[in-house]
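Questions regarding the structure given below will be posed in turn.
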Number of protein chains: 2
Amino acid sequence: MMEPYKIRMTRQRQVILEELARLHTHPTADEIYGRVRMRLPRVSLGTVYRNLELLSRSGMIGKIEIAGRQMHFDSERGAHRHIRCIRCGRIEDIPGEQVPPECDRDAIRATGYTLIERRVEFLGICPACRRAGRNEPDA
Amino acid sequence: MMEPYKIRMTRQRQVILEELARLHTHPTADEIYGRVRMRLPRVSLGTVYRNLELLSRSGMIGKIEIAGRQMHFDSERGAHRHIRCIRCGRIEDIPGEQVPPECDRDAIRATGYTLIERRVEFLGICPACRRAGRNEPDA
DNA sequence: ATATATGCAAAGACTTTGCTATCGA
DNA sequence: TCGATAGCAAAGTCTTTGCATATAT
């Protein structure tokens, strides 16, 4: 999708990848920064951002640009969908295949756009927030 | 979805609604601010943001929280989908009905979430950018 | 009359970037 | 070696907020 990055594997890059792979959540840059800093106390947030961007462009990690504000990252590659809790902001994977957008193609064609990607995002309330009786959006 | 807002119709609110309705694009807060300022030169950006938020919560306008950064707004209510140009950031409507997510419900149920909404976003390259030969993402 | 909204400006949240020293291939 | 990268800090972008005044109902 972009240039063919030839990545130089620095210590920081390595640790970022490892920490991301270890998490099974979809952390933000800041959360990753926190993890990485435990192992590389002098790492800078800028480095984390630069590397997450680079790694996602190189295809080694996923960048989840879900609605709202903050970006999230994902060590799992391959198409899969997410559901986000409107209350706490948590993002989780939805198992199962993406339904091919057959029926959508005609509508797209009418817009004149070249279709690149179809993203599906679900919004809901996660079990923890439901139990807490928090039903109003916050994140 | 939130409280039952009883909106007091101020001049600023009025003009924001009018300008948004007049545009058939999906402007950002800043673009709306520019329009509104032509008619109310002393309006503040804060007021525009506050009102867009309020109006969208009241259901009078739509807030498009599409991936990435900036928020966009929409005078059309009712479910419809959007396609965004990865090059110039333009957002357009896709005509046609939303396909009911029948096949998705089981997958959602497995997550334990209470499903509130399903959003579909298409990414592509708009005709103008395609003609300009700009195929790399930028916005 | 009075609860709400405005304008203004400052602060906030998140992300990017310029610069110089350092490091990996 | 030497171009890519790190750390640091400053700047940037978009959005929210505190406060005193003005306004809609």
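Chain letters run A, B, ... following the sequence lines, proteins first and then strands; every chain starts at 1.
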Rounded distance in Å - CG (Leu52(A)) to P (dA6(D)): 11 Å
Gap between atoms CD and C1', on Gln14(A) and dA6(D) respectively (whole Å): 16 Å
N/O (side chain, Arg11(A)) to phosphate O (OP1/OP2, dC23(C)) under 4.0 Å: no
Distance in angstrom units between Tyr33(B) OH and dC14(D) C1', rounded: 14 Å
Salt-bridge present (Glu31(A), Arg35(A); N to O < 4.0 Å): no
Presence of Arg13(B) side-chain N/O under 4.0 Å of dT4(C) phosphate oxygens OP1/OP2: no
Selection from dG7(C), dG18(C), dG24(C) that lies nearest to any side-chain heavy atom of Thr10(A): dG24(C)
Nearest heavy atoms of Glu53(A) and Arg57(A), plus distance in Å: OE2-NE, 2.5 Å
Rounded distance (Å) that lies between atom C1' of dT23(D) and atom CZ of Arg42(B): 15 Å
Value in whole Å for how far the P atom of dA25(C) lies from CE of Met9(A): 8 Å
Rounded distance (Å) that lies between atom P of dA5(C) and atom CG of Leu55(B): 11 Å
Lys/Arg-Asp/Glu bridge criterion (N-O < 4.0 Å) met for Glu18(A), Arg22(A): no
Phosphate-side-chain proximity, Gln12(B) and dG7(C), N/O vs OP1/OP2 below 4.0 Å: yes
ILVMFWY network linking Met9(A) to Val15(A), side-chain heavy atoms under 4.5 angstrom: yes
Proximity to the side chain of Arg8(A) - top-ranked nucleotide from dT25(D), dG7(C), dG24(C): dG24(C)
Separation of atom CG in Asn51(A) from atom P in dG24(C), rounded to whole Å: 13 Å
Distance in angstrom units between Leu54(A) CG and dA6(D) P, rounded: 9 Å
Tyr49(A), nearest nucleotide to its side chain (from dT5(D), dT16(C), dC14(D)): dT16(C)
Whichever of Thr47(A) and Gly46(B) has its nearest DNA chain D nucleotide further upstream toward 5': Thr47(A)
Close side-chain approach of Gln12(B) to Val36(B), heavy-atom, < 4.5 Å: no
Nucleotide nearest Leu45(B) when distance is taken to its side chain, options dC8(D), dT15(D), dG7(D): dT15(D)
Shortest side-chain distance from Arg50(A), nucleotide among dG7(C), dT6(C), dC8(D): dC8(D)
